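Some notes on the structure that comes next.
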Amino acid sequence: MSAVNDTKLKYSVFLLTRIPGQEDIQNLWISLTFCFIYVFSILGNSTILFIIKTDPSLHEPMYIFLSMLAVTDLGISISTMPTILGIYLFNSREISLDACFAQLFFIHSFAFTESSILLFMAFDRFVAISSPLRYASILTLPRVSKMGLVCVLRGVAVSFPFPFLLKRLQYCRANVLSHSYCLHLDVMNLACSDITVNYIYGLFLTVFTVGLDSLLIFLSYVMILKTVLSVTSHTECLRALNTCVSHLCAVLFFYIPVIGLGLIHRLGKGSSPLLQIVLGYIYLLVPPLMNSIVYSVKSKHLRARIIRVFVK
């Protein structure tokens, strides 16, 4: 009897995938690259959190949102680090179903939370540029704290069903994942049960979380541009736009890979496995690394505090 017809036959582990066709010497450089990315991501975001926490002058809405972003970036890095480094440093490809479900829950929770934070950061920039005199009264610290709580609750709530929706399925086909970590779409596609509910729920979340957030961020920047272009002074116009550069980079680092990866998993059945793997690494590894670098370089006050700490 074939594996597909035997409903009692289920895999107890999944096999993770590394970048294909790599020689040992190339694998060494890839391993060192991932170690470098994780070390700098964790150090960079931890430094931002330390500076903001210890410097009262940075206890402002913009920097509080930045600290929330740093926490989610740390969460994403820590969630993916065990399996990615395990597969490249120790050739540990196997992951149990329960461990896989737990990992994808944390990855998706932090990703959805980051999407919400980026949306609120866009709102922060809009208020700062369009109503600078009312900025402090609109974005009070209690209100910012509540917004942060909403981001966390939203991320956890929408990701909570994923492990249960996947646990009810049977996995009796190939058990090789497309990445070095677990994602809902990737695991779902390995099931030999009916995945209609998983597909509809995943598509619903993509549209009404990532899709809606990216649309609202786009509209925020349209309104920001409209406000900035009404400013008569060219210098003030550039100064206002300059305050948005870091956030705009964070938005591009996050949304371009996540939208591309979602499209590939749903529509690109014949796409290159290497493209899926590389885009998956960009999706989860680049934002935590680049956000800390961009904000540390572009934020004058944050950069000055960091230099002061390390110069001492």
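The figures here come from the full heavy-atom set of this structure, side chains too, leaving out hydrogens, waters and symmetry mates. Please read these numbers as outputs of a predicted model, since none were measured by experiment.
- Summarising the geometry of Gly155 relative to Phe112, their closest heavy-atom pair is CA-CB, 3.9 Å, with the distance given to 0.1 Å.
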### Task
Could you walk me through whether Arg93 and Ser180 pass side-chain hydrogen bond (donor to acceptor under 3.5 Å, both in side chains), step by step?
CA-CA 8 Å; Arg93 295 189 60 196; Ser180 303; over 6 Å; no
### Message
Before you tell me yes or no, could you show the steps for Leu183 and Val187 under side-chain contact (heavy atoms from CB on, under 4.5 Å), namely the whole-Å CA-CA distance, both residues' side-chain angles and the distance that decides it to 0.1 Å?
### Response
CA-CA 6 Å; Leu183 294 176; Val187 175; over 6 Å; no
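- Contact record, Ser79 with Pro82: O-CD, 3.8 Å, taken as the closest heavy-atom pair.
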### Task
Would you sort out whether Tyr63 and Asp55 count as a side-chain hydrogen bond (donor to acceptor under 3.5 Å, both in side chains), showing the intermediate values?
CA-CA 11 Å; Tyr63 294 105; Asp55 194 330; over 6 Å; no
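- When atom types are taken as modelled, the side chain of Arg303 and the backbone of Val297 share a donor-acceptor pair closer than 3.5 angstrom.
- Between the CD1 atom in Ile37 and the CG atom in Leu284 there is a gap of 11.5 Å [rounded to 0.5 Å].
- Across every non-hydrogen atom of Thr47 and Leu43, the tightest pair is OG1-O, 2.7 Å.
- Counting heavy atoms from C-beta on, the side chains of Cys100 and Leu177 come closer than 4.5 Å.
- Linking Ile, Leu, Val, Met, Phe, Trp and Tyr residues whenever their side-chain heavy atoms come within less than 4.5 Å places Ile42 and Phe106 in a single cluster.
- There is a path of hydrophobic side-chain contacts, each under 4.5 Å, that joins Met147 to Ile138.
- Judged by distance alone, the side chain of Ser131 and the main-chain N or O of Arg134 form no donor-acceptor pair under 3.5 Å.
- Cluster annotation: Val150 is not connected to Leu119 through the hydrophobic network of ILVMFWY side chains, with a link wherever side-chain heavy atoms come within less than 4.5 Å.
- Across Leu279 and Gly260, no two heavy atoms sit closer than the pair CD2-C, 3.5 Å.
- For the pair Ser67 and Leu49, the tightest heavy-atom approach, listed with the atom from each and the gap, is O-CD2, 3.3 Å.
- A centroid separation of 6.0 Å or more is found between the aromatic rings of Tyr38 and Phe34.
- With hydrogens and angles disregarded, no donor-acceptor distance shorter than 3.5 Å links the side chain of Ser115 to the backbone of Ala111.
- A donor-acceptor pair under 3.5 Å is absent between the side-chain atoms of Asp124 and the main chain of Phe120, judged by distance alone.
- A distance of 6.5 Å separates CG of Leu58 from CG of Leu302, quoted to the nearest 0.5 Å.
- Tyr135 OH: more than 12 foreign heavy atoms inside a 6.0 Å radius.
- Under the 4.5 Å side-chain contact rule for hydrophobic residues, Ile224 and Val245 do not share a cluster.
- With hydrogens and angles ignored, the 3.5 Å screen pairs no side-chain donor or acceptor of Tyr88 with any backbone N or O of Cys35.
- With Ser292 contributing its side chain and Leu289 its backbone, the two residues share a donor-acceptor pair below 3.5 Å.
- Two residues are said to be in side-chain contact when any heavy atoms from C-beta on lie closer than 4.5 Å; Tyr199 and Met188 meet this criterion.
- Hydrophobic clustering of Ile, Leu, Val, Met, Phe, Trp and Tyr side chains at less than 4.5 Å, counting indirect connections, keeps Phe123 apart from Leu149.
- Residues Ile95 and Thr83 meet the side-chain proximity criterion, which asks for heavy atoms closer than 4.5 Å.
- Side-chain N or O atoms of His184 include none that pairs as donor or acceptor with a backbone N or O of Leu104 at under 3.5 Å.
- The closest side-chain heavy-atom distance from Cys244 to Ile129 is below 4.5 Å.
- Under the 6.0 Å cut-off for aromatic ring centres, Tyr221 and His247 qualify, their centroids lying closer than that.
- Taking a cutoff of 4.0 Å between a charged side-chain nitrogen and a carboxylate oxygen, Arg154 and Asp213 qualify as a salt bridge.
- At distances below 3.5 Å, at least one donor-acceptor pair connects side-chain atoms of Asp186 with backbone N or O atoms of Ser178.
- Side-chain contact between Leu285 and Ile76: absent, with no pair of heavy atoms (C-beta onward) separated by less than 4.5 Å.
- Taking the six-membered ring where the residue is Trp, Tyr181 and His179 present parallel rings, their angle staying beneath 30° rather than reaching 60°.
- No option in Tyr201, Phe101, Phe105 other than Tyr201 meets the ring pair (Phe, Tyr, Trp, His ring centres under 6.0 Å) test with Phe162.
- Taking CG of Leu165 as the reference point, atom CD1 of Ile200 lies at 11.0 Å (rounded to 0.5 Å).
- Considering all non-hydrogen atoms of both residues, Ser92 and Leu16 come closest at O-CD1, 4.4 Å.
- Within a 6.0 Å radius of NE2 in His301, no more than 12 heavy atoms belonging to other residues, nucleotides or ligands are found.
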#### Entry: Audit row: Tyr171, Ser193, side-chain hydrogen bond (donor to acceptor under 3.5 Å, both in side chains) steps and yes/no
CA-CA 8 Å; Tyr171 303 93; Ser193 308; over 6 Å; no
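- With hydrogens and angles ignored, the 3.5 Å screen pairs a side-chain donor or acceptor of Asn291 with a backbone N or O of Pro287.
- Glu60 is not listed as a side-chain neighbour of Leu139, based on a closest heavy-atom distance of 4.5 Å or more.
- Annotation: side chain of Arg168 is in contact with side chain of Val197 (closest heavy-atom distance under 4.5 Å).
- Atom OG1 in Thr243 sits 11.0 Å away from atom CG in Leu238 (nearest 0.5 Å).
- Under the 4.5 Å side-chain criterion, counting only non-hydrogen atoms from C-beta, Phe253 is in contact with Val294.
- Rounding to the nearest 0.5 angstrom, the gap separating the CZ atom in Phe160 from the OG atom in Ser109 is 10.0 Å.
- Distance alone, capped at 3.5 Å, is enough to place a donor-acceptor pair between the Gln103 side chain and the Cys182 backbone.
- Going from atom CG of Leu66 over to atom CD1 of Ile51 covers 11.5 Å, rounded to the nearest 0.5 Å.
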